[in-house]
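Accompanying notes for the structure given below.
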There are 2 protein chains.
Amino acid sequence: MDDSLCPKFESAFELLGKKWTGLIIKVLLTGPKRFKDISDVIPAMSDRMLSERCKELELSGVVIRHVYPETPVRIEYELTEKGKDLFKVMEEVGKWAEKWGSTCP
Amino acid sequence: MDDSLCPKFESAFELLGKKWTGLIIKVLLTGPKRFKDISDVIPAMSDRMLSERCKELELSGVVIRHVYPETPVRIEYELTEKGKDLFKVMEEVGKWAEKWGSTCP
DNA sequence: TAAATAACTTACCTTTAGTTAGTATTGTCA
DNA sequence: TGACAATACTAACTAAAGGTAAGTTATTTA
């Protein structure tokens, strides 16, 4: 049988298999958020990382960055359709996490 | 509303949010595999990484390491119930990857 | 006897992530 | 007015993770 991995699957995990990415997406599934809002929910993550991940996620088409030219300027990050489509993935991760609590067997 | 992240969810992503982990689990979902078999399916990953990840996955109760004292000794890695339970997650990642091909919006 | 295979380990170096501090812009407080 | 605070970053530096290549042990095959 063909056990070789699908390249699409591999590239999905280039995204999800990076530190913080999953958590950022999870947070954005609750609606568009400002930089500060995301960083408040994930305090262990540094601003530098959040900034870097947001750029990567924008590049890969998972989030859009909205600039509202108010005073002071407001910037929001929102999931695209592609991003919102990760809902099911996150839901299953949530169920698994709930069931197994993680760490101990 | 409470947007704070569940610690269980966070710790799930300490596992999945690491390079190679997702791919190794995906491979093991097709059945128990030897070290060499896994490394053949994921050629971009080094032996050092596979060795390190296998230990981590064993520690977190996702895989069991079977030693068959034949000559030469045969070692197989198999998913535990906890590991097999990630099937749904992987299935959803697969669907998403299939739909969005990854990278371009 | 030489070379090969499985399952790792070690040493070394590069890339990624973490920490701390700083910047530009605007707003608020005394 | 002047000091301080908030937002959304960036820069500089250190620490940790990952990559590369070679070595190890035991056994088997040519």
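Chain identifiers are assigned alphabetically (A, B, ...) following the order of the sequence lines, protein sequences preceding nucleic acid strands; residue numbering begins at 1 within each chain. Every heavy atom of this structure was used, including side-chain atoms; hydrogens, water molecules and symmetry mates were not.
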- Message: Among residues at least two apart in sequence or on other chains, which ones pass salt bridge (Lys or Arg N to Asp or Glu O under 4.0 Å) with A:K19?
- Response: none

Pair [X] + [Y]: basic N to acidic O under 4.0 Å:
X: B:K88; Y: B:E91; answer: no
X: B:R74; Y: B:E76; answer: yes
X: A:K55; Y: A:E52; answer: no

- Item | side-chain hydrogen bond (donor to acceptor under 3.5 Å, both in side chains) partners for A:E56, two or more places apart | A:K18, A:R53

Verify, without hydrogens or angle tests, whether [X] (side chain) and [Y] (backbone) share a donor-acceptor contact under 3.5 angstrom.
X: B:W100; Y: A:V62; result: no
X: B:T80; Y: B:I64; result: no
X: B:D40; Y: B:D37; result: no

Rounded to whole angstroms, how far apart are [atom1] on [X] and [atom2] on [N]?
X: A:K19; N: D:dA15; atom1: NZ; atom2: P; value: 16 Å
X: B:E52; N: D:dA16; atom1: CD; atom2: P; value: 14 Å
X: A:M49; N: D:dA15; atom1: CE; atom2: C1'; value: 13 Å

- Where does DNA chain D pair, written as one dot-bracket string 5' to 3', with Watson-Crick or G-U pairs under 3.5 Å, ( ) inside the strand, [ ] for crossing pairs and | for another strand? ||||||||||||||||||||||||||||||

- Task: Please list, in 5' to 3' order, the outermost nucleotides of DNA chain C lying under 4.0 Å from any heavy atom of chain A.
- Result: C:dA17 to C:dG27

Sub-3.5 Å pairs of nitrogen or oxygen atoms, protein against nucleotides 7-11 of chain D:
{"unit_1": "D:dT7", "atom_1": "OP2", "unit_2": "A:K36", "atom_2": "NZ", "d": "3.2"}
{"unit_1": "D:dT7", "atom_1": "O3'", "unit_2": "A:R34", "atom_2": "NH2", "d": "3.0"}
{"unit_1": "D:dA8", "atom_1": "OP1", "unit_2": "A:R34", "atom_2": "NE", "d": "2.9"}
{"unit_1": "D:dA8", "atom_1": "OP1", "unit_2": "A:R34", "atom_2": "NH2", "d": "3.0"}
{"unit_1": "D:dA8", "atom_1": "OP1", "unit_2": "A:I75", "atom_2": "N", "d": "3.4"}
{"unit_1": "D:dA8", "atom_1": "OP1", "unit_2": "A:I75", "atom_2": "O", "d": "3.4"}
{"unit_1": "D:dA8", "atom_1": "OP2", "unit_2": "A:K36", "atom_2": "N", "d": "3.1"}
{"unit_1": "D:dC9", "atom_1": "OP1", "unit_2": "A:R65", "atom_2": "NH2", "d": "2.2"}
{"unit_1": "D:dC9", "atom_1": "OP2", "unit_2": "A:Y77", "atom_2": "OH", "d": "2.6"}
{"unit_1": "D:dC9", "atom_1": "N4", "unit_2": "A:D47", "atom_2": "OD2", "d": "3.2"}
{"unit_1": "D:dT10", "atom_1": "OP2", "unit_2": "A:S51", "atom_2": "OG", "d": "3.3"}
{"unit_1": "D:dT10", "atom_1": "OP2", "unit_2": "A:K55", "atom_2": "NZ", "d": "3.0"}

- Item | Partners meeting ring-ring contact (aromatic ring centres under 6.0 Å, His included) with B:Y77 (sequence neighbours left out) | none

- Message: Contact between B:V63 and B:E78 at the side-chain level, heavy atoms closer than 4.5 Å - yes or no?
- Response: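 Side chain of B:V63 against side chain of B:E78, heavy atoms only: no contact under 4.5 Å found.
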
